[in-house]
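Here's the structure, in structure tokens; my notes come after.
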Protein chains: 2
Amino acid sequence: MTMSNTGGRRKPPTIHDVAREAGVSRGTVSRVLNGGHYVSPAAAQAVDAAIRRTGYVVNRHARSLITGRSDSVGFLLTEPQERFFEDPNFNVLLRGCTQALAAHDIPLLMMLAGTDDERRRITRYITAGHVDGVLLVSSHSGDPVAEELRAAGVPLVACGKPIGLRSKVSYVAADDRDGARDMVRHLLALGRRRIGVVTGPLDTPGGVERLAGYREVLSEAGVEADERLIVSGDYTRAGGEAGAERLLAQAPGMDAVFVASDLMAQGVLTALHRAGRRVPEDVAVGGFDDSPAAVAASPELTTIRQPWDRISSEMVRVLLAQIGGEDPAAVILPTELVKRAST
Amino acid sequence: MTMSNTGGRRKPPTIHDVAREAGVSRGTVSRVLNGGHYVSPAAAQAVDAAIRRTGYVVNRHARSLITGRSDSVGFLLTEPQERFFEDPNFNVLLRGCTQALAAHDIPLLMMLAGTDDERRRITRYITAGHVDGVLLVSSHSGDPVAEELRAAGVPLVACGKPIGLRSKVSYVAADDRDGARDMVRHLLALGRRRIGVVTGPLDTPGGVERLAGYREVLSEAGVEADERLIVSGDYTRAGGEAGAERLLAQAPGMDAVFVASDLMAQGVLTALHRAGRRVPEDVAVGGFDDSPAAVAASPELTTIRQPWDRISSEMVRVLLAQIGGEDPAAVILPTELVKRAST
DNA sequence: TTCTCTACTGTGAACGCTCACAGAAGCGGC
DNA sequence: GCCGCTTCTGTGAGCGTTCACAGTAGAGAA
């Protein structure tokens with residue numbers, strides 16, 4: 001009964017083959033596979049050896065069919081994908097989540113819900129139980145998908161604090177407000193007093209929180225607030241450029257700018273350069289993110305580093321806990337001021 | 001028999017429920033689900049209605065268990081992940097593949113094989129039949145993983161032409177050589193004659209092919225070859241900078257450079273600027289990729305656009321064909337010259 | 001009428017696993 | 001001896017689907 005090796009794939013060994021090979025029953029093999037409780041050392045060893053000899057790998061479909069779990073997790077990206085897909089942080093996050101899940105032998109399923117059609121398909125897919133939980137990456141949080149999935153009882157962890165949701169949603173986020181405070185304190189320590197800010201979109205938690213941190217520190221320091229020093233941006237390079245121009249027009253005496261993202265900060269640098277302002281001599285510029293854009297800029301950007309590697313591992317940790325039955329949780333992680341040439 | 005809606009997930013309807021609801025047998029429902037052949041219009045309609053009423057979604061695990069297919073595909077990234085994860089093209093590719101697969105209702109599983117450990121785990125996972133096929137993104141192609149998977153009979157499509165593989169591997173690639181030819185012809189048409197080149201790594205197909213295109217056009221045009229005009233780079237910004245410096249030292253009379261990637265071209269611009277050469281007046285600079293770096297550069301880069309969206313959709317098409325039993329195939333897609341300010 | 005062919009439908013078996021349960025074996029205490 | 005308890009093992013059932021097969025009904029041909 002020889003079988004050709006080329007072309008077709010050979011039928012893989014089953015738990016039954018392993019049991020026969022090890023001289024035990026299916027049940028015993030299954031117990032070894034799932035933690036090894038109530039198995040004699042001799043049996044466990046025989047099974048391990050048989051698994052190695054036969055090259056057995058568990059059939060996840062058969063397992064899932066009976067357990068009801070899929071042992072897989074969705075990585076869901078909603079809404080304006082362009083913004084994310086150009087964001088290098090997205091890559092770090094994706095990689096971190098994939099690796100953290102791999103350590104638990106859980107595959108990550110990529111899901112994009114840009115259009116309404118996709119959103120419906122994916123919601124259906126998820127609520128049908130094809131994944132055990134969802135890692136949600138959404139920009140304008142307050143996402144309807146999150147609400148819907150939570151209502152269906154799907155374990156869910158968002159990246160960044162969701163705002164305006166009624167149901168309780170787990171999330172992991174960097175401490176945006178504290179990062180902003182650090183940056184503005186740094187600018188104050190350099191002797192700057194007319195500090196402008198280009199915020200992120202104010203329907204995002206990052207936009208709101210970073211601005212709040214800015215206001216807090218200035219008010220603590222007794223610097224009078226000046227709304228002309230505050231403009232809002234959209235996290236794009238062009239938005240940063242436009243924001244800086246507006247600031248220069250409204251508040252020519254500005255001696256520093258806190259920009260809510262590195263990409264926007266690049267635009268700010270361009271605009272300042274064009275206006276003949278030297279950085280950092282005339283105007284100090286602080287970014288946020290510590291993205292590759294920060295070191296690509298000239299001068300290199302002082303910025304706030306978000307702990308993306310920890311964010312991803314925490315997201316996975318919280319999600320798995322929730323799948324295991326624990327309650328939703330929020331995790332806020334500290335940021336770090338990275339000093340470079342622009343301040 | 002009411003059931004709490006909050007908290008636990010309700011047990012989903014099965015094909016049996018649908019059959020009962022529609023007044024037909026499981027077999028008929030299954031036939032409707034899988035193409036609807038040999039089903040009367042009346043029955044098909046009744047089943048469709050029942051599916052809608054019950055909110056039935058097929059249990060993929062049960063299906064996979066019996067069909068032996070997983071109806072899922074792996075997106076495998078091997079080796080130096082850093083290079084890829086910083087490459088915006090990676091994002092476009094990932095998104096394109098995800099969407100193209102979604103159209104066939106096939107989930108994409110993210111797989112990273114950076115370390116040897118991961119490589120082993122993933123090879124095992126794949127050959128165990130947990131995915132039906134693999135989309136391979138590998139830098140230094142000639143990848144051992146590709147060979148191993150092909151040997152195991154796993155359908156596989158590589159992004160970019162694999163080199164030095166014994167087994168026959170499908171691939172989809174942009175026409176690197178032709179793109180290079182277009183760029184060099186463009187530089188010649190501008191009257192440039194001392195045209196330098198910063199190549200990609202010469203163990204990658206892109207590195208080899210783009211250099212070949214350069215040589216071809218110059219020899220066709222009767223321009224004498226000068227090895228001092230050729231330096232090799234590594235696709236990084238710093239590598240581009242170093243390459244340009246070497247070119248300026250070896251061939252000061254150079255009036256154009258063809259750079260094998262936009263990121264390197266940014267470095268080239270920096271070096272030229274430092275050396276006091278004006279772009280494009282003194283030295284014209286052509287890039288490759290049309291990445292965001294191309295428009296971020298100043299002056300904006302003339303470059304070669306690779307059709308990433310088509311590359312991803314073709315990869316999926318070829319892979320699905322191969323899963324369907326067709327032979328491995330190679331697809332080469334045309335590139336496009338994008339003229340901007342640097343030439 | 002009868003036979004054949006096509007279009008359609010229902011049924012049991014099987015996919016590979018886990019789970020619940022029953023039972024065996026060993027041990028100590030009465 | 002019997003009992004209970006713990007540790008370990010094997011067995012049958014069943015998860016939700018597809019597939020092969022058997023069977024029915026109706027149309028058309030002989």
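Order of the sequence lines sets the chain letters (A, B, ...), proteins ahead of strands, with each chain counted from 1.
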Practice task
Using atom OH of Y38(B) as one end and atom P of dT9(C) as the other, report the distance to the nearest whole Å.
Solution key: 12 Å
Practice task
Check whether any side-chain heavy atom of P205(B) lies under 4.5 Å from a side-chain heavy atom of Y171(B), and answer yes or no.
Solution key: no
Problem - Salt-bridge criterion met for D327(A) and K168(A) (N-O under 4.0 Å) - result: no
Handout entry: Phosphate-side-chain proximity, S40(A) and dT7(D), N/O vs OP1/OP2 below 4.0 Å
Key = no
Problem - Ion pair E314(A)/R317(A), N-O distance below 4.0 Å - result: yes
Fill in the blank from the handout: Exactly one candidate in D117(A), T123(A), D116(A) meets side chain to side chain donor-acceptor pair (under 3.5 Å) with R120(A); the answer is D117(A)
Problem - Rounded distance (nearest 0.5 Å) linking atom CG of L109(A) with atom CG of L108(B) - result: 8.0 Å
Handout entry: B/S/- contact track for nucleotides 11-21 of chain D, protein heavy atom under 4.0 Å
Key = BBBBBBBB---
